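Accompanying notes for the structure given below.
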There are 2 protein chains.
Amino acid sequence: MNVIQKKSRPRVKNEEAILNAAEEVFSELGFAGATTSLIAKRAGIPKANLHYYFPTKETLYQAILGKILSIWLHAAETFDDCDDPADALGRYIRAKMEISRSHPLGSKIWAQEIMHGAPHIQGSLETTLRDWTESRVKIIQRWVAEKKIDAIDPHYLLYMIWATTQHYADFEHQIGVLNEGRALSDEKYEDAMETVTRIIVQGIGVSGG
Amino acid sequence: MNVIQKKSRPRVKNEEAILNAAEEVFSELGFAGATTSLIAKRAGIPKANLHYYFPTKETLYQAILGKILSIWLHAAETFDDCDDPADALGRYIRAKMEISRSHPLGSKIWAQEIMHGAPHIQGSLETTLRDWTESRVKIIQRWVAEKKIDAIDPHYLLYMIWATTQHYADFEHQIGVLNEGRALSDEKYEDAMETVTRIIVQGIGVSGG
DNA sequence: GTCTATACACTGATAGAC
DNA sequence: GTCTATCAGTGTATAGAC
């Protein structure tokens with residue numbers, strides 16, 4: 001037997017069930033609207049048990065935000081693998097679109113948190129996000145200097161990419177309504193990815209490849 | 001004296017104060033997080049008085065959503081004044097960006113409502129928004145048929161315009177953090193409008209003018 | 001680790017005096 | 001029209017038996 005115990009089976013299983021349920025409920029109802037009793041119910045455990053694993057609603061919410069940020073940062077790496085604008089941006093846009101498809105709930109929670117003034121993640125914004133952004137701004141500025149793309153302020157390009165890709169997660173309900181009430185099929189989603197990539201790449205005047 | 005009385009002065013004044021305060025509070029805390037007592041406090045009246053004008057939190061919220069929709073529809077008209085793609089889209093993007101600048105709170109409330117699955121405005125989505133969208137889709141399809149723009153599905157273009165323009169309202173906090181902690185100046189905002197317009201117009205391959 | 005019972009705070013909404 | 005006092009309901013969180 002190890003002195004340092006592995007986390008017990010029920011703990012791992014329960015924490016996972018709680019986190020999944022919490023992601024659903026927070027995205028549907030917001031932080032204030034979410035109730036611990038509803039989260040517990042969806043996780044299939046009594047409310048008191050939830051508070052045993054996560055003492056407060058706040059700690060549970062922080063855990064969810066941390067998970068989202070780590071996914072987001074992982075996708076961000078796709079920016080670094082290549083120095084060709086069309087290729088680097090194409091990969092990045094695709095990575096972000098795929099996250100919107102696979103983790104729409106996390107994207108919604110993040111969006112709501114920002115809209116409310118980021119009361120729980122101000123620190124991450126001012127450090128992680130700011131640093132990441134400024135380093136990529138420099139890359140794009142180099143592309144401009146090398147006349148690989150049109151002369152634009154990189155910030156507005158990044159905002160456009162974030163906005164457009166996240167829209168497919170955050171506004172999936174509206175998109176569904178405008179798609180005859182159904183979610184986009186895989187084929188249509190692929191089409192959307194290609195269209196988005198093409199408009200942006202062509203829009204910044206990428207030359208050569 | 002008229003038989004049909006004009007609305008009394010205090011009623012008009014109070015309703016306006018309540019609506020303004022409610023817009024603030026709903027955008028900051030969401031529907032569930034907003035409390036009638038906080039809205040009343042910001043409007044400078046006792047809570048019971050708020051319930052005199054708006055019987056329930058729900059009626060107040062509906063009033064706000066109605067206001068937002070009417071502003072939104074007004075901007076939508078800019079699409080109709082011209083049949084030249086660059087001109088029509090340019091005007092529409094500018095109108096939407098100006099709404100994001102002047103009414104960011106309404107945009108945030110709308111976004112949250114959609115993210116939560118549109119529980120209070122499903123009807124408007126399925127009628128007003130769907131009709132408006134389909135009529136504009138037809139216009140854009142005609143541009144494609146006439147080879148005025150590249151062959152794209154108009155839906156993805158519209159989503160991109162909505163996402164990008166509304167991002168400046170919904171994510172203004174994040175944009176501020178990435179702009180040395182300050183809101184964008186009028187000059188920078190103008191720059192953003194021009195960049196957004198240019199990328200999209202050039203991105204869909206507008207030919208001629 | 002699990003769960004019942006409950007403390008305590010706060011919410012939306014109303015009654016009723018002014 | 002305005003406002004104080006208050007109610008019924010619900011929320012987070014915990015105590016303590018098992």
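Note that the coordinates shown come from a computational prediction; the quantities given were computed from them, not determined experimentally. In what follows, chains are A, B, ... by sequence order, proteins preceding strands, each numbered from 1.
The side chain of A:Thr56 approaches D:dA13 more closely than any other nucleotide in the set C:dT11, D:dA13, D:dG1. In the set C:dT2, C:dG12, D:dG1, the nucleotide with an atom closest to the side chain of B:Thr36 is C:dG12.
Under the 3.5 Å distance criterion, with hydrogens and angles disregarded, no donor-acceptor pair is assigned to the side chains of A:Gln62 and A:His120.
Residues passing the side chain to side chain donor-acceptor pair (under 3.5 Å) test with B:Lys13, sequence neighbours excluded: none. For B:Lys188, the side-chain contact (heavy atoms from CB on, under 4.5 Å) partners at least two apart in sequence or on another chain are A:Tyr156, B:Asn179, B:Leu184, B:Ser185.
Protein atom CD of A:Glu15 is 13 Å distant from nucleotide atom C1' of C:dG1, rounded to whole Å. Atom-to-atom, CG of A:Asn14 to P of C:dC3 comes out at 9 Å; the value is rounded to the nearest Å. At whole-Å resolution of the value, NZ in A:Lys41 and P in C:dC3 are 16 Å apart. What separates NZ of B:Lys57 from C1' of D:dT10 is a distance of 12 Å, to the nearest Å.
Both the sub-6.0 Å distance and the 45° axial angle are not jointly satisfied by B:Arg91 relative to the ring of B:Phe79.
The number of heavy atoms from other shown groups lying within 6.0 Å of CD (A:Glu126) is above 12.
Residues of residues 43-54 of chain B that place a heavy atom closer than 4.0 Å to DNA chain D, in numerical order, are B:Pro46, B:Ala48, B:Asn49, B:Tyr52, B:Tyr53.
At a threshold of 4.0 angstrom between heavy atoms, the contacts of B:Ala34 are confined to the sugar-phosphate backbone, with no base atom among them.
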Task: B:Trp132/B:Trp72 under ring pair (Phe, Tyr, Trp, His ring centres under 6.0 Å): CA gap, chis, key distance, verdict - done: CA-CA 11 Å; B:Trp132 186 90; B:Trp72 186 87; 5.7 Å; yes
